[in-house]
There are 2 protein chains.
Amino acid sequence: MSHSKQRKSNNRLDPLLDAAARLFAAQGYRETTIREISTSIDMLPGSVYYHFSSKHELLLAVYEEGVRRMLERMDKVPDPEESCPWKRVELALVAHLDAILDHNDYARVIISVRPDNVPEVADELRALRDKYESRMRAQIDDLPLPEGTDRHLLRLMLIGAANWTQFWYRPGGQTPQEIGATMISLLRQPLDEHYRDKL
Amino acid sequence: MSHSKQRKSNNRLDPLLDAAARLFAAQGYRETTIREISTSIDMLPGSVYYHFSSKHELLLAVYEEGVRRMLERMDKVPDPEESCPWKRVELALVAHLDAILDHNDYARVIISVRPDNVPEVADELRALRDKYESRMRAQIDDLPLPEGTDRHLLRLMLIGAANWTQFWYRPGGQTPQEIGATMISLLRQPLDEHYRDKL
DNA sequence: GTCTATAATGTGATAGAC
DNA sequence: GTCTATCACATTATAGAC
């Protein structure tokens, strides 16, 4: 179940995409050259243009594959009617964190390469981001929240906090599971102890 | 009270720094050329090198000025012994959001240009970021929090959510003040209504 | 302090052989 | 499908006049 529609086994499209994702995620789009990508898989720069007509088309292909994988991951979140809505949001958040943090170059490209910085395909990149983010929005909007809670900002806050983890996360510390669970609990419980008296 | 130590009034160092900050913030470091920066203030590319020996030295100067301004802003946060620690954190957060969102190109450069992407001065940029972030840490560490609260993750969560605002904030919607106040209240109060029964 | 002119390099991309 | 060879261009940076 690889990404390619009609696989021709004797080409190196997949390694090429992987290499591009890895370098775009680690260095950024503009900081990565066609030469670096191709030679990292022992391919010559000119050969890249058999697969993609330009560098930004290559980025777009990485983006598409990344969104496909993230949605696939998100779809695995169990959604039993019985389970607590907060638990579902936690599982969705953990899926998101996993996608970003678990050595997933494709996901990190989506989070770290800003559409604005690649004008030639900015619209397509934005559409792909939206496609994914609307999936997360649905989960959060289902939460039963106190009257007057700003759901919009809650969502942006949670997604922002999650996306920012890529800049400080280091393997060996807390796992994505632990980080997600703690973030949710920081929101569910009252952090202000005075609040407890008022209830 | 401008930034420069010994001002020589008849040069264009300040406009040059402003132009660099504006373009770096809007387009990114690699996406911005010396030509764009210089010609946007009617200066020729070669003249930039009278002021800075390289493009990354120019970035470093923008970073330094940005941190100086953000710390200056943070220092204006009133810190009366009497006031509630939560209120102080809120004011610090609002100062941070203001710096990012209020047309402040210098601050946005610090948030959006990643040290890793400019290897020549990566260490210096990281040190400048740390200098600023440690100031915010102190405010959050002073909060009285329930036993066992993960203060470390709370801080990263709040800073991450704040830093991410630059990617969705649009003038005309909620003000930085409102965003900061709402974020804090989402943390202080219990979002899970079941929590209220347990207290 | 700024300009003119240009060097030195790196980069995306192409044409055609195999 | 990949390689060889190379073009065309943009970019950082320098040298020296003014």
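In what follows, chains carry the letters A, B, and so on, assigned in the order in which the sequence lines appear, proteins first and then strands, with residues in each chain numbered from 1. Predicted, not measured: the structure shown is a model, and the values here were computed from it.
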Check: Can you check whether B:Tyr49 has a side-chain N or O nearer than 4.0 Å to OP1 or OP2 of D:dT14?
Finding: no

Notebook entry, point to check: Any side-chain N or O of B:His51 under 4.0 Å from OP1/OP2 of C:dT2?
Noted result: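 For B:His51, the contact criterion (side-chain N or O under 4.0 Å from OP1 or OP2 of C:dT2) is met.
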
Check: Picking from D:dC3, C:dG12, D:dA13, which would you name as closest to the side chain of B:Ser54?
Finding: D:dA13

Check: Of the nucleotides D:dC3, C:dT2, C:dT11, which has the atom closest to the A:Met43 side chain?
Finding: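 In terms of side-chain proximity for A:Met43, the closest of D:dC3, C:dT2, C:dT11 is D:dC3.
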
Between [N] atom [atom2] and [X] atom [atom1], what is the distance in whole Å?
| X | N | atom1 | atom2 | value |
| --- | --- | --- | --- | --- |
| B:Ile34 | C:dT2 | CD1 | P | 15 Å |
| B:Leu59 | D:dT11 | CG | P | 17 Å |
| A:Asp42 | D:dT2 | CG | P | 12 Å |
| A:Arg35 | D:dT4 | CZ | P | 14 Å |
| A:Phe52 | C:dT14 | CZ | P | 15 Å |
| A:His56 | C:dA13 | NE2 | P | 7 Å |
| B:Ile37 | D:dA10 | CD1 | P | 18 Å |
| B:Lys55 | D:dT14 | NZ | C1' | 18 Å |

Notebook entry, point to check: Got a second to check how far A:Lys55's NZ is from A:Phe24's CZ, nearest 0.5 Å?
Noted result: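 Output value for this atom pair is 5.5 Å.
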
Next item on the list: Using a heavy-atom cut-off of under 4.0 Å over every strand shown, decide if A:Leu44 touches base, sugar-phosphate, or nothing.
Entry: base

Checklist line | Sugar-phosphate only, base, or nothing, as touched by A:Thr32 at under 4.0 Å among non-hydrogen atoms | finding: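 Sugar-phosphate: the residue A:Thr32, judged by heavy atoms under 4.0 Å, touches backbone atoms but no base.
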
Margin query: Which is more 5' along DNA chain D, the nucleotide nearest B:Gly46 or the one nearest A:Arg30? Just name the residue.
Written below: A:Arg30

With a 4.0 Å cut-off on N to O distance, would you call [X] and [Y] a salt bridge?
| X | Y | value |
| --- | --- | --- |
| B:Glu90 | B:Lys87 | yes |
| B:Glu133 | B:Arg129 | no |
| A:Glu65 | A:Arg69 | yes |

Margin query: Quick check on DNA chain C: between A:Glu31 and A:Ser47, whose nearest nucleotide comes earlier from the 5' end?
Written below: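 The answer here is A:Glu31.
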
Notebook entry, point to check: Can you tell if the side chain of A:Asp142 reaches within under 4.5 Å of the side chain of A:Val89, non-hydrogen atoms only?
Noted result: no

